[in-house]
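Before any comments, here is the structure.
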Amino acid sequence: VQLQASGGGLVQAGGSLSLSCVASGRSFSRNTMGWFRQAPGKEREFVAAISGSSDRTFYAGSVKGRFTISRDNPKNTLYLQMSSLRPEDTAIYSCAADLHTTSPMSIARTNGYAMDYWGKGTLVTVSS
């Protein structure tokens with residue numbers, strides 16, 4: 001089983017970027033998935049999560065209204081559309097899947113420590 005994030009890069013403040021996370025080896029269509037980030041010298045931070053059927057989402061306050069999480073289950077792909085980017089959004093962004101909870105908010109509360117699968121991250125750098 002593998003999760004592979006991509007789409008990171010260098011963008012100016014105020015710009016947009018779209019991340020993808022492709023899952024292989026098994027389907028996560030029934031599982032809650034999320035995005036996390038870790039900036040240099042800082043701890044991992046929850047960004048956003050989405051239920052298996054996409055009927056529920058939850059965002060960190062710092063990204064709410066700027067980022068949108070979505071998924072395409074037939075493609076086994078998770079997305080994060082980021083807009084109005086700020087220098088403080090600079091971080092390595094990783095995707096993860098939780099096999100046990102159906103609540104995106106629960107993933108936020110545990111900050112990902114209960115996630116079952118993690119993908120390698122993709123670096124997002126926002127210049128001022």
Side-chain angles (χ1 to χ4, degrees):
V1 177
Q2 189 176 19
L3 297 174
Q4 182 64 58
S6 63
L10 175 63
V11 63
Q12 287 189 334
S16 299
L17 210 56
S18 183
L19 306 183
S20 298
C21 171
V22 179
S24 58
R26 64 158 288 161
S27 172
F28 291 102
S29 62
R30 296 185 178 184
N31 305 120
T32 302
M33 298 187 73
W35 286 98
F36 298 81
R37 67 186 181 186
Q38 187 165 15
K42 294 188 177 182
E43 293 188 355
R44 182 176 65 207
E45 177 187 21
F46 166 80
V47 175
I50 186 169
S51 62
S53 62
S54 301
D55 62 336
R56 287 173 291 166
T57 58
F58 191 78
Y59 296 90
S62 58
V63 307
K64 193 172 184 179
R66 300 188 298 123
F67 291 12
T68 301
I69 189 170
S70 62
R71 63 193 297 165
D72 186 332
N73 284 339
K75 293 183 178 180
N76 224 11
T77 302
L78 177 73
Y79 302 99
L80 185 69
Q81 177 65 42
M82 306 183 293
S83 60
S84 302
L85 283 162
R86 306 166 181 168
E88 54 264 38
D89 293 319
T90 294
I92 295 173
Y93 285 71
S94 300
C95 55
D98 189 315
L99 304 183
H100 302 98
T101 183
T102 59
S103 169
M105 186 182 297
S106 175
I107 287 179
R109 288 175 177 166
T110 59
N111 198 27
Y113 284 100
M115 304 302 277
D116 296 284
Y117 293 99
W118 285 91
K120 290 184 178 180
T122 184
L123 177 62
V124 172
T125 303
V126 184
S127 63
S128 58

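Bear in mind the structure is a predicted one, so any value in this text is a computation, not a measurement.
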| request: Could you tell me how the ring of Trp118 sits relative to the ring of Phe36: parallel (under 30°), tilted (30 to 60°) or perpendicular (over 60°)? | output: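 Ring orientation of Trp118 relative to Phe36: tilted.
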| request: Can you label the angle between the Phe67 ring and the Tyr93 ring as parallel, tilted or perpendicular, going by 30° and 60°? | output: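 Judged by the thresholds at 30° and 60°, the geometry between Phe67 and Tyr93 is tilted.
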Measure the spacing between [atom1] of [X] and [atom2] of [Y] and express it to the nearest 0.5 Å.
X      : Y      : atom1 : atom2 : value
Thr110 : Met115 : OG1   : CE    : 7.5 Å
Gln38  : Lys42  : CD    : NZ    : 11.0 Å
Thr68  : Leu80  : OG1   : CG    : 8.0 Å
Cys95  : Arg71  : SG    : CZ    : 11.0 Å
Met33  : Ser51  : CE    : OG    : 12.0 Å
Leu123 : Ser94  : CG    : OG    : 10.5 Å

Restricting to non-hydrogen atoms, name the atom on [X] and the atom on [Y] that form the minimum distance, rounded to 0.1 Å.
X     : Y      : answer
Ser29 : Asn73  : O-ND2, 3.5 Å
Thr90 : Ala39  : O-CB, 3.5 Å
Pro87 : Ser128 : CG-CB, 3.8 Å
Tyr59 : Ala48  : CD2-CB, 3.6 Å
Ile50 : Ser70  : CD1-CA, 3.7 Å

Quick one: do [X] and [Y] end up in the same hydrophobic cluster if we chain Ile, Leu, Val, Met, Phe, Trp and Tyr together by side-chain heavy atoms under 4.5 Å apart?
X     : Y      : value
Val47 : Tyr117 : yes
Ile69 : Leu17  : yes
Leu10 : Leu85  : no

| message | Tell me if a side-chain donor or acceptor on Thr32 pairs with a main-chain N or O of Thr101 at a distance below 3.5 Å. | response |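 Yes; at least one donor-acceptor contact below 3.5 Å.
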| query | Hey, does the side chain of Asn76 reach the backbone of Ala23 with a donor-acceptor pair shorter than 3.5 angstrom? | reply |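 At least one qualifying donor-acceptor pair exists.
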| query | Does Arg56 CZ have over 12 foreign heavy atoms under 6.0 Å away? | reply |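 Result for CZ/Arg56: enclosed.
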Side chains of [X] and [Y]: closer than 4.5 Å at any heavy-atom pair?
X     : Y      : result
Leu19 : Val124 : yes
Arg26 : Leu99  : yes
Arg66 : Asp89  : yes
Phe58 : Ser103 : no
Leu3  : Phe28  : yes
Arg37 : Val63  : yes

| query | So, is the end of the Arg44 side chain (NZ or CZ) under 6.0 Å from the ring centre of Tyr113 and within 45° of the ring's axis? | reply |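 Output yes; distance and angle both within limits.
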| request: Verify side-chain contact (heavy atoms from CB on, under 4.5 Å) between Val11 and Ser16, making sure each step is shown before the conclusion. | output: CA-CA 7 Å; Val11 63; Ser16 299; over 6 Å; no
